[in-house]
Chemist: 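Once you've had a glance at the structure underneath, I'll fire off some questions.
Note that these values count all heavy atoms, side chains included, but never hydrogens, waters or copies made by symmetry. Just so you know, ligand 1 is whichever comes first in the structure, and atom 1 is the first atom listed for that ligand.
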Amino acid sequence: MAPSPIKVFTSALCTTMHTPAYEFLSGAETQYYESPARLEAILHYLESNPSSFEITEHVEDFGYAPIQRVHRQDFLDYLETAYKEWILEGGHPNGVLPATIPHYKVARLGRQTPVNTLAKAGEYCFDLSAVITKDTFKAAWNAAQVTLTATKELVRVAAEYEQGLVEGTGAARSNPPGLYALVRPPGHHAQSDVCGGYCFMNNVAIATQWLIDQPELKRKDGGPKKIAILDIDFHHGNGTQEIFYTTSNPLYTSLHTRDDYPYFTGAEVEIGEGQGVGFNINIPLPQSTTDDEYVAALEKLIQEHVVPYDADYIMVSLGVDTYKDDPIAGFLVTSDAYPRIGNAIRKIGLPTLFVQEGGYCVEKLGVNVGGILQGYLGKTTA
Ligand code: Q9C
Ligand code: ZN
């Protein structure tokens with residue numbers, strides 16, 4: 001039986017609500033790479049391939065609770081009010097950025113709780129890329145709600161798929177259902193109480209925690225459903241790692257660059273703490289990693305860690321900043337690799353939600369993201 005098309009969840013608010021004019025890269029003011037054009041390029045590809053993708057703009061409102069399960073309230077209050085306070089205090093209209101960050105060598109001596117807006121920007125942001133504009137809170141909220149809407153549908157199609165496997169009438173194990181949340185701003189750098197790396201709310205973490213929290217979703221042993229996160233963005237997902245560092249569910253796995261942003265996390269020795277020991281898997285790869293090297297590393301990660309975890313659902317933090325011409329990254333991965341990546345994920349055989357993270361080569365975003373999703377459908381080209 002042919003696989004069903006991938007259900008795509010997105011919203012017009014993903015392009016209109018958060019449009020900072022610039023960021024700082026290597027000390028220079030540059031265009032804001034995490035732009036609305038990224039999402040439009042991907043959407044254009046998906047719309048041109050209607051046999052593979054079913055696009056909906058239907059967004060359900062899951063309210064504040066699932067977001068509050070992952071992010072601290074003081075941080076969320078800050079995201080919501082920062083821009084207004086910033087403007088009142090004479091901040092530049094491009095948006096809020098820190099000028100003084102509580103570097104750990106300073107903060108270990110400090111005892112002061114910040115009240116000033118500039119100080120709060122440093123308290124709640126770890127770099128110069130997460131510019132907070134007038135509606136950034138609403139944009140991040142919307143991205144989380146779109147991801148949650150897709151996650152609710154994941155539960156429904158996964159149950160159908162399971163039923164089909166039991167009865168032997170439905171799709172075989174080789175065609176697991178796939179869904180895609182086409183959102184921005186991205187999420188995997190956002191920690192429980194700090195934004196950075198273009199990320200404000202951690203969409204994948206919010207959706208994953210929501211799945212674990214659903215009382216009617218149980219495994220055969222009576223425990224909550226298990227989720228394996230596969231983070232294939234070029235950059236390490238420090239936010240997702242931090243949020244789930246002390247728990248055994250979800251499993252967090254990441255393939256990413258060594259020696260590039262976010263620089264201070266992503267080493268192999270970061271294996272989790274307490275109950276979480278062994279459930280945080282970082283596989284750093286060298287700069288200039290090629291197609292074959294990348295796919296081999298992914299297949300190894302899947303065989304050695306993802307499959308043995310015996311999850312019920314896969315969440316993919318889907319970044320295509322691994323692409324060779326990405327303006328802020330450094331791998332040599334070509335467009336040919338993306339269908340192979342999607343195929344490797346399909347072979348896990350579990351219902352999968354792909355959630356958009358990074359990828360900044362706008363001209364190739366459609367074919368690269370599309371390649372992964374088409375590969376998941378069993379195709380060999382985008
Ligand atoms: N030369 C995501 O892909 N600037 N975020 C890095 C490195 C911030 C990336 C500069 C990059 C954030 C979701
Ligand atoms: Zn990235």
Chemist: Does an N or O anywhere in Pro186 fall below 3.5 Å from an N or O of ligand 1?
Modeler: no
Chemist: Is it true that atom NZ of Lys218 has more than 12 heavy atoms of other residues, nucleotides or ligands lying nearer than 6.0 Å?
Modeler: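 Yes, NZ of Lys218 has more than 12 neighbouring heavy atoms, counting only those of other groups under 6.0 Å.
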Chemist: Classify the angle between the aromatic ring planes of Tyr263 and Tyr261 as parallel (below 30°), tilted (30 to 60°) or perpendicular (above 60°).
Modeler: perpendicular
Chemist: Would you say the side chain of Cys199 lies within less than 4.5 Å of the side chain of Pro185, judging by non-hydrogen atoms?
Modeler: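 No, their side chains stay 4.5 Å or more apart.
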Chemist: When you look at NZ of Lys134, are more than 12 heavy atoms from neighbouring residues, nucleotides or ligands closer to it than 6.0 Å?
Modeler: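 Incorrect, the count does not exceed 12.
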Chemist: Are any of the heavy atoms in Gly319 under 4.0 Å away from ligand 1?
Modeler: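 Contact absent.
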Chemist: Output the list of atoms in ligand 1 that are nearer than 4.0 Å to some heavy atom of Gly197, sorted by atom number.
Modeler: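 So the answer, numbered in order with elements, is 2 (C), 5 (N), 9 (C), 12 (C), 13 (C).
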Chemist: Would you mind naming the N, O or S atom of His235 nearest to the Zn ion (ligand 2)?
Modeler: ND1
Chemist: Nearest N/O/S atom of Asp321 with respect to the Zn ion (ligand 2), by atom name, please.
Modeler: OD2
Chemist: Test your reading of the structure: does Asp127 have an N or O sitting under 3.5 Å from an N or O of ligand 1?
Modeler: no
Chemist: Should we count CZ of Arg72 as having more than 12 external heavy atoms under 6.0 Å?
Modeler: no
Chemist: Side chain of Asp135, backbone of Met17: donor and acceptor closer than 3.5 Å?
Modeler: no
Chemist: Polar contacts were defined as any N/O atom of the residue lying under 3.5 Å from an N/O atom of the ligand; does this apply to His188 and ligand 1?
Modeler: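 No, His188 has no N/O under 3.5 Å of an N/O on ligand 1.
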Chemist: What atom name does the N, O or S atom of Asp233 nearest to the Zn ion (ligand 2) carry?
Modeler: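 Going by distance to the Zn ion (ligand 2), the closest N, O or S atom in Asp233 is OD1.
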Chemist: Any salt bridge between Asp312 and Arg219, counting N to O under 4.0 Å?
Modeler: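 So Asp312 pairs with Arg219 through a salt bridge.
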Chemist: Step through the shown structure and confirm whether more than 12 heavy atoms of other residues, nucleotides or ligands are within 6.0 Å of CD on Gln275.
Modeler: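 Result for CD/Gln275: open.
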Chemist: Below the 3.5 angstrom mark, is there an N/O of Asp321, backbone or side chain, next to an N/O of ligand 1?
Modeler: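 Yes; at least one N/O pair falls below 3.5 Å.
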Chemist: Tell me if the NZ atom of Lys152 is crowded by more than 12 foreign heavy atoms within 6.0 Å.
Modeler: no
Chemist: Quick one: look up the protein heavy atom nearest atom 1 (N) of ligand 1 and list residue, atom name and how far away it is.
Modeler: Tyr263 OH, 3.9 Å
Chemist: Which ligand 1 atoms, with their elements, are less than 4.0 angstrom from a heavy-atom of Leu25?
Modeler: 4 (N), 10 (C)
Chemist: Give the contacting part of Glu23 toward ligand 1: side chain, backbone, both or neither, where contact means a heavy-atom distance below 4.0 Å.
Modeler: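 Neither part.
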Chemist: Please list the nearest protein heavy atom to atom 2 (C) of ligand 1 with its residue and the distance rounded to 0.1 Å.
Modeler: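 Checking every protein heavy atom, the shortest distance to atom 2 (C) of ligand 1 gives Tyr360 OH, 2.8 Å.
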